[in-house]
Amino acid sequence: MDILKKNHYLYGCLHPKIMRKFISIIMAFTFVSYAYAQSIDEQIGNAMNNQSWHQLRSLYEKDGNKIQVPFLKPLSKFFLAHFFNQPDSALYYGNVLLTKYQTEIGGSAPSILFYMADDAARLGKFDDASQILDACNEVIAQSGQAPIDAFVGHERQYKAMYQAGGFRIDRPYKTVKVPFIYYSGKRDDPVSIYVDVLINGKPARVNYDTGAGANVMSRELAENLGIKSIDEAGITVNGVSNIKSSFAIVDSLRFGEIVYRNVPFQIIDFSTGNAEADAKLKATKLNCVLGSQTMMPLGEIQFDFASQMVIIPEKPSETPIYAPNMYRSGNYGFIIDLYDYTSRDHLEALLDTGAAYCGLTNKYYQKNRDLFKGRSATDSIRYAGAGGIGISKVFHTNLKYKIGDRTVKTDSIAVAVEGDIQASTHDMLYGLPEMTKFNKMIINFRRMWVGME
């Protein structure tokens, strides 16, 4: 199978991420006349509205003590705690916002409540999470507004998780190593990473995907494993296009010496509607994806690309000086901060082991068109995944960037000129071929950092 060549599909690129109906935070601030204070308040407000959480963190750490609008301080702390994986703090500041700043929050309250429910669920408090959304959905109904599918669906799924006894992990108090395979069999052109697991005691080979915000299983595999959906609530999974899923809870999933209990899965149809693409996808046997839901509770995972092992260390690695350089987005993706020597700016890149290619998005191209005067698309990328296919016209360029404390030079990387690649809301899709240039990648979820060795 030819990957990364003109007019060939890119397979193994399923990116299931639960989509949220994000209600934009539109803030009307009354700025004081002091020019500098006005500037920092505006910058922080703009970072929030643009969902630029790395930028918000940098602004707040540097000049947060100079904020003039009182509401901005707890709101900044709430977003930083939520997106940089401090759910306890996020719940605290969310309560502060809801009790002391109701007028300022206004129509943004549903978004804040949605995030708070997610924070409660990450702490294993599924009953609290369902009750938060139950109250929110009741208020929406009483106001005469149409129900929000994502809110209703998540409420029901949190309730089902609580009734099942909650998501749990049994792991030995030692370093655990789980072998993985490259789909292609080649480290320099890996396509995707697969691990062998037991689902309810039955063997399955699954894609291990940092770009997947949810655990996802095909309807065919669920039927073969005897797993039945328990809810058809309106959760939308984002593959190449948006797909409605049903919800199931798997009793057990064994990952090496680690056993997960009551594991949430979204059950979907993996087909694209394109005969050629569906045939290729079927040949890959891509029918199950383990995503961030199973990764984050481990605290830290390491991809040893040289020995082909996923390592879960007994003790977390020492936190580097550049941490945190990763946040968890509204779509549950991991967004890393890279420094780009070409644009002399920081990039937001989706960290995606499920992506068979790497590329700079059309968003990046539009921001930096002056750097590429005279360049036009000379190639095309076609990719396939659940829900459809995507096509982008691209050219290739060199890229020098810094990730963590490592500087990298890439000879050829795609730039989306027309159409786009996945990760289109960010600057870059940081896919598996770029990662495997290193011997090891460390992802620490407690301190939210990524390091390369």
Side-chain angles (χ1 to χ4, degrees), residues 47 52-64 76-77 79-90 122 174-178 180 193 208-211 292 295-307 309-329 332-353 355 358 399-410 423 426-453:
S52 299
W53 308 120
H54 284 305
Q55 182 185 19
L56 175 63
R57 178 179 168 272
S58 177
L59 288 168
Y60 190 83
E61 287 191 347
K62 181 181 178 182
D63 291 315
S76 296
K77 290 180 178 179
F79 283 135
L80 292 175
H82 175 80
F83 289 108
F84 287 90
N85 196 29
Q86 298 175 318
D88 276 320
S89 294
R122 271 187 280 169
K174 65 176 184 178
T175 295
V176 175
K177 296 184 178 182
V178 181
F180 70 76
I193 283 176
Y208 202 58
D209 186 358
T210 61
S292 62
M295 297 177 185
M296 291 189 76
L298 298 176
E300 178 176 309
I301 58 175
Q302 301 173 3
F303 289 86
D304 190 322
F305 298 118
S307 65
M309 290 283 180
V310 177
I311 301 171
I312 300 90
E314 180 182 0
K315 296 180 180 179
S317 303
E318 183 177 351
T319 303
I321 192 170
Y322 58 78
N325 65 340
M326 176 180 75
Y327 71 82
R328 179 174 173 264
S329 73
Y332 303 157
F334 297 125
I335 311 302
I336 55 175
D337 176 64
L338 305 181
Y339 181 77
D340 172 26
Y341 288 90
T342 302
S343 64
R344 297 181 181 179
D345 198 3
H346 288 267
L347 306 186
E348 289 200 336
L350 175 64
L351 185 75
D352 196 344
T353 57
C358 306
L399 183 70
K400 179 182 178 182
Y401 65 90
K402 188 173 185 180
I403 176 170
D405 57 4
R406 299 293 298 271
T407 299
V408 186
K409 291 183 179 180
T410 296
H426 303 287
D427 301 299
M428 183 180 181
L429 175 64
Y430 198 84
L432 191 59
E434 200 67 19
M435 302 172 194
T436 55
K437 293 175 180 178
F438 299 92
N439 286 328
K440 181 182 285 188
M441 177 172 68
I442 301 171
I443 310 176
N444 184 286
F445 303 108
R446 291 191 177 96
R447 302 288 184 178
M448 296 301 280
W449 60 271
V450 174
M452 300 298 198
E453 296 180 358

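Below, each value reflects all heavy atoms present in this structure, side chains not excepted, and no hydrogens, waters or symmetry copies.
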So do [Y] and [X] actually touch side chain to side chain, heavy atoms under 4.5 Å?
X: Met448; Y: Arg328; result: yes
X: Leu298; Y: Phe445; result: no
X: Arg447; Y: Phe84; result: no
X: Ser307; Y: Lys440; result: no
X: Leu56; Y: Ser76; result: yes
X: Phe305; Y: Ile193; result: yes
X: Arg122; Y: His82; result: yes
X: Leu399; Y: Met428; result: yes

Check whether [X] reaches the backbone of [Y] with its side chain - one donor and one acceptor, N or O, closer than 3.5 Å.
X: Ser292; Y: Thr210; value: no
X: Asp352; Y: Gly431; value: no
X: Glu300; Y: Ser317; value: yes
X: His54; Y: Ile335; value: yes
X: Thr175; Y: Glu314; value: yes
X: Thr353; Y: Leu432; value: no

| query | Would you say the side chains of Tyr401 and Glu434 form a donor-acceptor pair under 3.5 Å? | reply |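 Result is yes, a qualifying pair exists.
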
| query | Side chains of Lys400 and Thr410: donor-acceptor distance under 3.5 Å anywhere? | reply |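 No, because no side-chain N or O of Lys400 sits under 3.5 Å from a partner of the opposite role on Thr410.
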
| side chain to side chain contact (heavy atoms under 4.5 Å, CB included) between Tyr341 and Thr407, worked out | CA-CA 10 Å; Tyr341 288 90; Thr407 299; 3.7 Å; yes

I need the [X] [atom1] to [Y] [atom2] distance, nearest 0.5 Å.
X: Gln302; Y: Glu453; atom1: CD; atom2: CD; answer: 7.0 Å
X: Leu351; Y: Ser329; atom1: CG; atom2: OG; answer: 11.5 Å
X: Ile321; Y: Thr319; atom1: CD1; atom2: OG1; answer: 11.5 Å
X: Asn444; Y: Asn85; atom1: CG; atom2: CG; answer: 9.5 Å
X: Met441; Y: Asn439; atom1: CE; atom2: CG; answer: 13.0 Å
X: His346; Y: Asp427; atom1: NE2; atom2: CG; answer: 11.5 Å

| query | Out of Phe334, Tyr60, Phe79, which residue meets the ring pair (Phe, Tyr, Trp, His ring centres under 6.0 Å) rule with Trp53? | reply |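 The option that passes is Phe79.
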
| task | Please report the C-alpha distance between Ile442 and Val450 in whole Å, then the side-chain angles of each, then the deciding distance to 0.1 Å, and finally whether the side chain to side chain contact (heavy atoms under 4.5 Å, CB included) criterion is met. | result | CA-CA 6 Å; Ile442 301 171; Val450 174; over 6 Å; no

| task | Please work out whether the ring planes of Phe303 and Tyr208 are parallel, tilted or perpendicular, with thresholds of 30° and 60°. | result |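 Ring orientation of Phe303 relative to Tyr208: tilted.
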
| task | Only counting residues at least two apart or in another chain, list the ones meeting ring pair (Phe, Tyr, Trp, His ring centres under 6.0 Å) with Phe438. | result |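 Ring pair (Phe, Tyr, Trp, His ring centres under 6.0 Å) check on Phe438 returns nothing, list empty.
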
Please report the shortest heavy-atom distance between [X] and [Y], naming the atom on each side.
X: Tyr322; Y: Gly451; result: OH-CA, 3.2 Å
X: Ala349; Y: Tyr430; result: CB-CB, 4.1 Å
X: Gly333; Y: Leu350; result: CA-CD1, 4.0 Å
X: Ala90; Y: Ala81; result: N-CB, 3.5 Å

| task | Kindly determine whether Tyr327 and Glu348 satisfy side chain to side chain contact (heavy atoms under 4.5 Å, CB included), including the steps that lead there. | result | CA-CA 10 Å; Tyr327 71 82; Glu348 289 200 336; 3.0 Å; yes

